[in-house]
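Small disclaimer: the values here were computed from a predicted structure and weren't measured. Every chain is numbered from 1, with letters handed out A, B, ... down the list of sequences.
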There are 2 protein chains.
Amino acid sequence: MINKLNFDDEYLKKLEQNICYNKILNMADTLDVLAGKWKIPIIVCLSFKPKRFSEISKELKTITDRTLSKELKYLEENLLISRNIIDEYPLSIEYEITEHGLSLTRILMVLREWGELHREKILEHHREDSQSVHKI
Amino acid sequence: MINKLNFDDEYLKKLEQNICYNKILNMADTLDVLAGKWKIPIIVCLSFKPKRFSEISKELKTITDRTLSKELKYLEENLLISRNIIDEYPLSIEYEITEHGLSLTRILMVLREWGELHREKILEHHREDSQSVHKI
DNA sequence: CAGGATCCCACAGGATACTG
DNA sequence: CAGTATCCTGTGGGATCCTG
């Protein structure tokens, strides 16, 4: 989670002087937690209520067991979800979003809002493009 | 930029009913704009002032020309930066962040803040772990 | 049911060399 | 200077099969 961006030493110094370096690292850390195809869907899926492995798998139908397993482990290590053993025999486990996981809600809201804005911008720009083509 | 998450049709329906589907897509779109090793550093680098290809390359020392070229094109297509031709002979081009690009500032702030919080959480958790080890 | 083990492919991004 | 073209490698994640 540290120095994913691989700046060279000299630039790091500059950035550090600008107090910029750690800021960029923190951004990268957050992106890391949300990166990939399935982390957000899993988080959203669990944000409604705790669910079991097979339930999540069913809801996100196209996810593979392997990937779901890895992602759940990752999210647990990052304290975003907890893995609760409900029954020993037969084995029954429930995944639940933590408070820390819920603190991502604000991020997701902001991401969603900007995504909407961005989509508008892009569409608007393409409309202008096709208009100017017609003008010619 | 559409349906990167590859849900199957039935799940899409459910999600659509929950108005959840488009929200997740918008989040994914925003992440897409920020994903990868270099997009944020480039945006931050240009957010101070317009710069030329070689200047950016120098500041982010370890980036390759190929990657910088591709990323600049991507960011331009997404209207986050503009490519301004300063001189024809000799060729001189300046990259400048757009207003839309600056609107990412809020996202980056929120990402940074959560990244700090997250780092604290993780470190705190590891401290607890090592304490309980010492207790034993 | 809740996963681990293996194999495989597509794609991001680095290294290097070349061009208008 | 401002890139493009080729080649190459590491990694995310799918497919498939296996286990406590």
### Query
Salt-bridged, B:Lys73 to B:Glu77, with N to O below 4.0 Å?
no
### Task
May I have the distance from A:Ile93 (atom CD1) to C:dA2 (atom C1'), rounded to whole angstrom?
6 Å
### Query
Between D:dA2 atom P and B:Asp87 atom CG, what is the distance in whole Å?
11 Å
### Task
Please report, rounded to the nearest Å, how far the C1' atom of D:dG3 is from the CD atom of B:Glu88.
15 Å
### Query
What's the OH-P distance between B:Tyr89 and D:dA2, to the nearest Å?
15 Å
### Between P of C:dA12 and CG of B:Asp32, the distance in whole Å
10 Å
### Message
If I take atom CG in residue A:Leu72 and atom P in nucleotide C:dG4, what distance separates them, rounded to the nearest angstrom?
### Response
10 Å
### Query
Do you reckon A:Ile86 sits in the same ILVMFWY cluster as A:Leu68, going by side-chain contacts under 4.5 Å, direct or chained?
no
### Query
Between A:Met27 and B:Leu34, does a side chain to side chain contact (heavy atoms under 4.5 Å, CB included) hold up when you go through it step by step?
CA-CA 10 Å; A:Met27 297 172 199; B:Leu34 299 174; over 6 Å; no
### Task
For A:Leu31 and C:dA12, give me the distance from atom CG to atom P, rounded to whole Å.
17 Å
### Query
Do the rings of A:His100 and B:His118 sit parallel, tilted or perpendicular, given the 30° and 60° boundaries?
parallel
### Message
Test your reading of the model: is there a side-chain donor-acceptor pair from B:Asp32 to the backbone of B:Ala28, 3.5 Å cut-off?
### Response
no
### Query
What is the distance, rounded to the nearest whole Å, between atom CD of B:Glu94 and atom P of D:dC1?
15 Å
### Task
Name the nucleic acid region contacted by B:Tyr95, choosing base, sugar-phosphate or nothing; use a 4.0 angstrom heavy-atom cut-off, strictly under.
sugar-phosphate
### Message
With clusters defined by side-chain heavy atoms of hydrophobic residues (ILVMFWY) lying less than 4.5 Å apart, directly or transitively, does A:Met109 cluster with B:Leu111?
### Response
no
### Task
Quick one, give me the B/S/- string for nucleotides 9-20 of chain D, reading 5' to 3', where B means a protein heavy atom under 4.0 Å from the base and S means that only happens at the primed atoms, P, OP1 or OP2.
----BBB-----
### Phosphate OP1/OP2 of D:dC1: any B:Ser92 side-chain N/O under 4.0 Å
no
